[in-house]
Amino acid sequence: MNWKILFAYSITILLWGSAFPAIKFGLQSYSPEHLAALRLFIGAIGLIVFAAVRKIRLPDIKDVPVILLLGFLGFTVYHTALSFGENSVSAGESSLIVSTTPIFSAILATLFLKERFPKIGWLGSITAFLGVAMISFGKDDSLTMLPLGALWILTAALGESFYFVFQSKYLKKYGFFPFTIYTIIAGTVCMLFFLPGLAGEVLSASPSSTYAVLYLGLFPTLIPYFALAYITSKVGPSEATSSLYLTPAIALIISWVWLGEIPALLSLAGGTLTLIGVSLLSLKVNNVQDMTTDRDRRQSYTDL
């Protein structure tokens, strides 16, 4: 695997893994909608400054409706639904439920973009999803009903999947940096609905919770999307999101250390199964990359 893609994967997994416990910590002082809104407002301010310095051009008028829709799905829906979900679901469990994103992405890419998804890809997805299910439904080493908050988190995963899949065309047109900036700002605009009451919560919130939201706005909200947009532009949406199954492992470790959330044995077993699924998905990705390399090599011989 190309080292740049590997580095982008690593940054994405580490920062997104840290986001789940940070959200849980921020919810100690903030309501879910205000936490999500403040997180995006902070990120958007940084992006506007960056775009002005780099003199990034504005998108074409005809693309603005699509950018608003993708920003709404990938950022407004994702961050709001995730924050509401973590009100009743632990940070570690939340990260595991969100890891269904690659499954949704693969299905959407197959249905709408006509991408090939070989049997080993489906096998890896199903295996990883079973691992996610074990952790999501497991509590204190026994099976329980999935809490309502999990439905919010599944909604977040579905919204994010639409964003990842349908951004491909526009990544090619604008490049991954400009288009990611457009959509984050678009998602933030949709968050203006939650603006009333936000200032009051900021003033009454504990400093530690506010620092957690600042971290969310400046790091997990921005950097992973740039990294994943770059990966998507290189290997496609289903391959790009396949590695997100590793995010829960990081989230579980950080949640254990930071919040004292100790995973049950059933969760650890599910995590092991998830990693097996990731390995199968990675094998599928490597096969695709190998075929692409062989094709490029044959083309170069033809050109000679």
Side-chain angles (χ1 to χ4, degrees), residues 8 12 16 19 32-84 98 101 104-105 107-115 152 155-196 198 216-238 240-241 244:
T12 301
W16 264 343
E33 65 273 20
H34 285 148
L35 185 148
L38 181 58
R39 174 182 181 178
L40 280 181
F41 289 154
I42 293 169
I45 291 171
L47 286 177
I48 290 171
V49 173
F50 175 82
V53 172
R54 293 293 298 270
K55 297 181 179 179
I56 294 176
R57 73 181 182 89
L58 295 175
D60 295 339
I61 296 297
K62 65 178 182 179
D63 294 331
V64 169
V66 175
I67 289 171
L68 285 170
L69 178 60
L70 291 177
F72 173 75
L73 292 170
F75 296 93
T76 308
V77 171
Y78 175 76
H79 291 296
T80 304
L82 180 59
S83 294
F84 271 101
V98 165
T101 296
F104 291 134
S105 296
I107 293 172
L108 290 171
T110 301
L111 291 176
F112 294 100
L113 303 183
K114 307 303 180 183
E115 285 194 4
W152 278 108
T155 300
L158 185 59
E160 190 176 49
S161 299
F162 273 99
Y163 172 77
F164 287 146
V165 170
F166 293 102
Q167 69 174 341
S168 301
K169 171 184 175 182
Y170 300 94
L171 289 177
K172 294 176 182 177
K173 178 176 180 179
Y174 293 107
F176 60 91
F177 273 115
F179 185 72
T180 303
I181 291 174
Y182 301 155
T183 50
I184 291 178
I185 293 175
T188 305
V189 169
C190 297
M191 283 288 196
L192 292 175
F193 179 79
F194 298 128
L195 192 58
L198 177 58
L216 285 167
L218 294 174
F219 293 96
T221 302
L222 299 182
I223 297 174
Y225 284 100
F226 284 117
L228 203 59
Y230 169 75
I231 298 169
T232 301
S233 69
K234 298 297 182 181
V235 300
S238 58
T241 55
L244 298 185

Q) Do other residues, nucleotides or ligands put more than 12 heavy atoms under 6.0 Å from the NZ atom of Lys173? A) yes
Q) Is any side-chain heavy atom of Ile56 closer than 4.5 Å to a side-chain heavy atom of Phe50? A) yes
Q | Between Phe177 and Phe226, ring centroids under 6.0 Å | A | yes
(Q) So that I know where these two stand, are Phe104 and Phe164 an aromatic pair - ring centroids less than 6.0 Å apart? (A) no
**Q.** Heavy-atom closest pair, residues Gly175 and Pro178
**A.** O-CD, 3.5 Å
Q) What is the minimum heavy-atom distance between Thr12 and Ala8, and which atoms define it? A) OG1-O, 2.8 Å
Could you pull out every donor-acceptor pair under 3.5 Å between side chains of residues 66-82 and any protein atom, sequence neighbours left out?
from, atom 1, to, atom 2, distance (Å)
Thr76, OG1, Gly187, O, 2.7
His79, ND1, Arg39, NH1, 3.3
Thr80, OG1, Thr76, O, 2.7

Q: State, yes or no, whether a side-chain contact exists between Leu35 and Leu216 at a heavy-atom distance under 4.5 Å.
A: yes
Q: Nearest 0.5 Å please: distance from the CG atom of Leu198 over to the CZ atom of Phe41.
A: 6.5 Å
(Q) Using side-chain heavy atoms (C-beta onward) and a distance below 4.5 Å, is Tyr170 in contact with Thr180? (A) no
Q: Using modelled atom types only, decide if a donor and an acceptor are shared between the side chain of Ser161 and the backbone of Thr101 within a distance under 3.5 Å.
A: yes
Q. Looking at CD1 of Ile42 and CG of Leu38, how far apart are the two atoms once the value is rounded to the nearest 0.5 Å?
A. 4.0 Å
Q) Heavy-atom count around Ile61 CD1 within 6.0 Å, excluding the residue itself: above 12? A) no
Q.
Looking at every non-hydrogen atom in both residues, tell me the closest pair between Ser105 and Val165 and how far apart they are.
A. O-CG2, 3.4 Å
Q. If you measure from CD1 on Ile185 to CG on Leu40, what distance do you get to the nearest 0.5 Å?
A. 11.0 Å
Q | Shortest non-hydrogen contact from Ala36 toward Met191 | A | CB-CE, 3.6 Å
Q) Have Asp63 and Tyr174 got a donor and an acceptor in their side chains that come within less than 3.5 Å? A) yes
Q | Distance-minimising heavy-atom pair for Pro196 and Leu192 | A | CD-O, 4.1 Å
